Amino acid sequence: MLVVNNPKFEISAVSPKQYPKQGLPEIVLVGKSNVGKSSFINTMINRKKLARTSSEPR
Ligand SMILES: Nc1nc2c(ncn2[C@@H]2O[C@H](COP(=O)(O)OP(=O)(O)O)[C@@H](O)[C@H]2O)c(=O)[nH]1
Ligand SMILES: [Mg+2]
């Protein structure tokens with residue numbers, strides 16, 4: 001079972017200089033736009049709106 005305590009949005013980094021420096025584990029999640037990546041994140045961490053999802057599936 002995945003247990004995530006108190007998840008927070010940190011940053012949408014657009015360059016390596018912005019990457020967080022806490023040395024936490026990294027996870028890669030890849031998929032084309034609107035495929036459900038943000039919804040997947042919210043499901044996995046049991047939160048409705050931490051990752052913003054688009055209102056309409058394409
Ligand atoms: N039918 C269906 N729609 C989904 C599913 N997962 C996500 N969606 C919808 O697809 C749209 C895009 O999802 P989103 O998580 O924003 O995709 P992202 O662009 O990959 O982050 C949203 O309207 C979601 O509600 C799913 O498993 N089934
Ligand atoms: Mg998204």
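Just so you know, ligand 1 is whichever comes first in the structure, and atom 1 is the first atom listed for that ligand. For reference, positions follow the sequence shown, starting with 1. As the structure is a computational prediction, the values presented were derived from the model and not from experiment.
T53 places no side-chain N or O within 3.5 Å of a backbone atom of S38 that could act as its donor or acceptor partner.
Legend: residues meeting side-chain contact (heavy atoms from CB on, under 4.5 Å) with L29, ordered by chain and number and at least two apart, are K37, F40, I41.
Summarising the geometry of R47 relative to L50, their closest heavy-atom pair is NH2-CD1, 3.7 Å, with the distance given to 0.1 Å. Of all the heavy atoms in N34 and S54, the pair that sits closest is OD1-OG, 2.8 Å.
Taking 2.8 Å as the limit, the number of protein N, O or S atoms around the Mg ion (ligand 2) is 1.
Residue-environment remark: CD (Q22) exceeds the threshold of 12 foreign heavy atoms within 6.0 Å.
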Throw together a table of side-chain donor-acceptor distances under 3.5 angstrom for residues 8-18, partners on residues two or more places apart or in other chains.
{"from": "S15", "atom 1": "OG", "to": "K17", "atom 2": "N", "distance (Å)": "3.3"}
{"from": "Q18", "atom 1": "OE1", "to": "V14", "atom 2": "N", "distance (Å)": "2.8"}
{"from": "Q18", "atom 1": "OE1", "to": "S15", "atom 2": "N", "distance (Å)": "3.0"}

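Looking at L2 and M44, their side chains come closer than 4.5 Å, going by heavy atoms from C-beta outward.
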Report each N/O pair between ligand 1 and the protein that falls under 3.5 Å, naming both atoms.
{"from": "ligand 1", "atom 1": "15 (O)", "to": "S38", "atom 2": "N", "distance (Å)": "3.3"}
{"from": "ligand 1", "atom 1": "15 (O)", "to": "S39", "atom 2": "N", "distance (Å)": "2.8"}
{"from": "ligand 1", "atom 1": "15 (O)", "to": "S39", "atom 2": "OG", "distance (Å)": "2.7"}
{"from": "ligand 1", "atom 1": "16 (O)", "to": "S54", "atom 2": "N", "distance (Å)": "3.0"}
{"from": "ligand 1", "atom 1": "16 (O)", "to": "S54", "atom 2": "OG", "distance (Å)": "3.4"}
{"from": "ligand 1", "atom 1": "17 (O)", "to": "G36", "atom 2": "N", "distance (Å)": "3.1"}
{"from": "ligand 1", "atom 1": "19 (O)", "to": "N34", "atom 2": "N", "distance (Å)": "2.7"}
{"from": "ligand 1", "atom 1": "20 (O)", "to": "V35", "atom 2": "N", "distance (Å)": "3.3"}
{"from": "ligand 1", "atom 1": "20 (O)", "to": "G36", "atom 2": "N", "distance (Å)": "3.0"}
{"from": "ligand 1", "atom 1": "20 (O)", "to": "K37", "atom 2": "N", "distance (Å)": "2.8"}
{"from": "ligand 1", "atom 1": "20 (O)", "to": "K37", "atom 2": "NZ", "distance (Å)": "2.8"}
{"from": "ligand 1", "atom 1": "21 (O)", "to": "S38", "atom 2": "N", "distance (Å)": "2.9"}
{"from": "ligand 1", "atom 1": "21 (O)", "to": "S38", "atom 2": "OG", "distance (Å)": "2.8"}
{"from": "ligand 1", "atom 1": "23 (O)", "to": "S54", "atom 2": "O", "distance (Å)": "2.9"}
{"from": "ligand 1", "atom 1": "23 (O)", "to": "P57", "atom 2": "N", "distance (Å)": "3.2"}

